[in-house]
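Structure record follows, encoded as structure tokens.
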Amino acid sequence: MRVGFGVLGPVVAWDRDADGRAIALKGPRHRAVLARLIVARRRVVPVSRLVEDLWTAPPPGAVGAVRTFVAALRRALEPDRPPRAPARLLVTEGPGYALRADADAVDAWRFEQDVAAAATLPPDGALPRLEEALGRWRGPAYAEFADEGWARGERSRLAELRLHAVERQAEARLALGRAAEAVPDLEAHLAEHPWREGAWRALALALYRTGRQGDALAVLRRARTLLVEQLGLDPGPELRRLESDILAQAPHLAPATARGGGAAQVWADAAAAYDRTVASGARTRLESTVGLLRDLSMTGGGGLLTARRQRVAAVAAAEELGDPELTARVIGAYDVPAIWTRLDDPEQAATIVAAAERTLAALAAGPGAPDDGLPGVEPPDHGEPSGQTPDQESADHEVPGHEAPHHREPDHTAPDHKPTGHKTPDPGPSEPEAPGHEDHGHEAPGRGATAHEAPGRVAPGHADTGHGAPRRGASSPGVGGREVTGRWASGREAVGREAVGREAVGRGSSAPGGDGRGAPGHSTFGRGTAGEAATRHDAIRARLLATVAVESRGGHSGRGRQAARQAEEIARRLDDPALLAFALNGVFMQSFDRAGLAPRRDAIGAELIALSARHGLVAFEVLGHLIRLQARSALADFASADRHAAAAERLGERHERPLVRVFTEWYRALRLAATGRADEAEAAYRDAATRLDGAGMPGLERGLLPLALLCLRVERGRPAPTDPDLDWGPYAPWARPLVLLARDRRAEAAATLRTVPEPPRDLLLEALWCLTGRAAIALGDRETMARARTALAPAAAELAGAGSGLLTLGPVSRHLADLGG
């Protein structure tokens, strides 16, 4: 049992492992012994001192009584301790006793820790810490021992620290533009402690910032009167200066939020109003909180880590309420697109997936579950290679009557067809679009043709926003002769439609940037109440399925791929752009079944960019550019990759998304490596690695720099680095054989190579297979060479590892040749 102790009020103890169950401490002398030991702060208190402190005139047998009190306390605090086993908590040491409580076991100690930590934090971090600290007080410290000499000094010290915390809390509220909240606490504080000039100053400033200039001056004059009449002192210089500044309405008295712009003040006022008006237990608070966490994750670093941790707590809180739809909305309210395919926290991701699966099952079993026999829209096959070259595929599946797009790509790249007649967001001068997503441009201005209409005819009500391909109003040719039809709701169509399921969808992983918010999804006209319920139900299911797909990345189970496809099908059927964007994120995360799928991912990125630009989905527009940056790098099209890097950076700067540059800086190091500038690349990798410190993405950070440096060495035919301090992170199994070879430990390297697992299905699949292949070549392990050759063969036209956008081992074709392929 872990025991907690409270001295900020009456002395109490509780079981920290049993939801705070109180522990009976018997009589006042028992509590006095415990309190005296807590005051000693883990130090030994001799029995003679305890006797002196407990009795003014100690009775005969006082020492025996103290030992009896200690024995009773031990039974209460360690009820499961075996007979004659030494005490763990209340220990005998030398001439007396000590309480070996943990540093966070005593409320007074935690209070001090919180106040000290708040002093090092900015106001937005300090305020919640101070509020938590002050919330620990249940009354005066050591309340029942107020007259005891041994408690007096500690009580005074804690009381002074509490006064300081109250004033620091007021200062933090003032700094955050929450002056109105500071006023009542400061008035109560000064009623009990009228001689604290700092508190008078804070109260006057708070009143002034809430528009009560007269009250602020009255407070300062009341302070002057008290000080002069009762203490014979004039107010200090800060109070006198504040009075003069208020009379002059000095500009520097305006709140920092006002000086920083109206947006900060709006935020502060709205947050304060929300706290006042929405009940603390209201379900809407839970959903609103998750929305805030989602935005917090975009700040990177500590914000991302905090948001990820609290997301799990929010899902658990929702499940406790027993409402599957609420739980689904909470799970889906964290719309942070995922670009990196290794999980930051696998245990946390598994928790989210399990919750999503439970919720899907509950929705399927509950009333209102939809009829899955409704007609759907089949999603396109995003670039799955067929027996044809990409150019042949596009020509064979051209829509009749539409001019085939021109290709300017070499054979090893995926064709990137540029739509005609429409402007693509930040396209660059010659960048084509990805296969399967061309917009042929033969439509009347402002209208979108469907696959069921002859060229030149228009479908009513489909506005063209001018952002270019891919247009769901045009047919989208896929592999194997399939066509996908479907119409995205334009801005004009959206008016008057029911918004359904637009709560954001989430994950607990590395975030590239953007806010991901866009136009709401829409129900279909004419369905009536039952149809609307089914549509809402489908949207919720799709968000859960997309979450499963995103959070299941890198694994070998087919569930993630199945969930991604189902989410995409539903999103296309519902004509919900935001839902489709998230579903496509899941499709991307599940597009690593084998090597050589850069063209497929390029197509996904192209659709995300155009869809997001049209509907204001900034997060997914950034994601699309980063996906295409990766795919075009794999295809050695660095001119296009450069344009996507620049576009992602522009969006990141415009929308304050700091994590974008983490990826683009690594891309620029890759660019140097791929063009043979190894020394410059090594320096660039080391610089880029510094951006990972504190970025909140451990799944990306651990082992990445050593892996990139290893790839540079292998590419140049040099041995692996052998520094024993290198942290290879999750890449150790694939690096270790090469490291052992570099140390001339061939037998150990050969044995290790035989135990190397298959690489996870992620962005480094090809790179890790190449490292395995190089080790197999060096050791003459023909069986492993054959495995690597088979795995890498589909990627013969790509640069190994470059699909990550981070590092490369050069052309896969060269590795295949060395492997005997």
Side-chain angles (χ1 to χ4, degrees), residues 1-55 59 61-114 132-133 135-139 141-145 148 150-151 154 158 309 312-313 316-317 319-320 345 347-348 350-351 354:
M1 164 169 95
R2 293 188 312 141
V3 181
F5 301 95
V7 296
L8 300 179
V11 175
V12 294
W14 61 86
D15 184 349
R16 297 162 69 190
D17 294 327
D19 297 325
R21 177 181 59 81
I23 297 173
L25 296 177
K26 293 197 172 182
R29 299 284 187 193
H30 297 78
R31 289 194 294 277
V33 170
L34 179 60
R36 182 63 184 87
L37 294 175
I38 291 173
V39 168
R41 291 177 170 268
R42 297 171 57 89
R43 294 187 297 273
V44 173
V45 181
V47 173
S48 58
R49 173 59 64 85
L50 287 172
V51 168
E52 292 173 6
D53 287 340
L54 263 60
W55 289 279
V63 171
V66 168
R67 288 174 178 157
T68 300
F69 299 152
V70 168
L73 285 170
R74 282 174 172 166
R75 286 192 296 273
L77 300 178
E78 299 182 65
D80 299 326
R81 182 167 59 91
R84 290 184 292 279
R88 175 190 59 83
L89 189 55
L90 204 169
V91 302
T92 301
E93 191 170 309
Y97 303 104
L99 184 73
R100 303 299 192 196
D102 294 337
D104 63 346
V106 179
D107 59 0
W109 300 354
R110 294 183 67 184
F111 168 72
E112 292 177 65
Q113 293 164 10
D114 287 338
E132 183 177 2
R136 301 188 192 285
W137 286 74
R138 297 168 288 110
Y142 297 92
E144 61 205 287
F145 305 109
E148 301 293 342
W150 54 265
E154 184 68 359
L158 288 170
R309 183 172 62 251
V312 174
E319 285 197 291
E320 287 176 5
D345 188 333
E347 183 179 348
Q348 190 177 74
T351 299

Only residue of Val33, Val47, Leu37 satisfying side-chain contact (heavy atoms from CB on, under 4.5 Å) with Val70 is Val33
Closest non-hydrogen contact found for Ala40 with Val45 is CB-CG2, 3.4 Å
Run Val7 and Phe111 through side-chain contact (heavy atoms from CB on, under 4.5 Å) and show every step you take. CA-CA 11 Å; Val7 296; Phe111 168 72; over 6 Å; no
Residue pairs passing the side-chain hydrogen bond (donor to acceptor under 3.5 Å, both in side chains) test where at least one lies in residues 76-99, sequence neighbours excluded: Arg74-Thr92, Glu93-Arg100
Quick one: list whatever passes ring pair (Phe, Tyr, Trp, His ring centres under 6.0 Å) with Phe5, sequence neighbours left out. none
So how far is it from Ile38 CD1 to Asp107 CG, rounded to the nearest 0.5 Å? 8.0 Å
Pairwise side-chain contact, Asp15 with Val3, heavy-atom cut-off 4.5 Å (strictly under): no
Indicate the atoms forming the closest heavy-atom contact of Ala108 with Leu158, along with that distance. CB-CD1, 4.1 Å
Residues which pass side chain to side chain donor-acceptor pair (under 3.5 Å) with Arg136, listed by chain and number, not counting sequence neighbours: Asp114, Glu132
Qualifying residues under side-chain contact (heavy atoms from CB on, under 4.5 Å), relative to Ala35, sequence neighbours excluded: Val11, Tyr142, Phe145, Trp150
Looking only at heavy atoms, which two atoms of Leu77 and Ala13 are closest? And how far apart? CD2-CB, 4.3 Å
What one should report as the nearest heavy-atom pair of Ala24 and Ala76 is O-CB, 3.5 Å
Please name all residues satisfying salt bridge (Lys or Arg N to Asp or Glu O under 4.0 Å) with Glu154, sequence neighbours left out, ordered by chain then number. Arg41, Arg157
Any pair with a residue in residues 33-55 that passes ring-ring contact (aromatic ring centres under 6.0 Å, His included), sequence neighbours left out, goes on the list, sorted by first then second residue, please. none
side-chain contact (heavy atoms from CB on, under 4.5 Å) filter on Asp104, not counting sequence neighbours, yields Arg16, Asp102, Arg110
In Å, rounded to the nearest 0.5 Å, how long is the span from CG of Leu50 to CZ of Phe69? 10.5 Å
Euclidean distance, Leu34 CG relative to Leu90 CG, rounded to 0.5 Å: 7.5 Å
Taking side-chain hydrogen bond (donor to acceptor under 3.5 Å, both in side chains) as the cut-off, I'd like each qualifying pair that reaches into residues 27-40, sequence neighbours left out, listed once. Arg31-Glu144, Arg36-Asp53
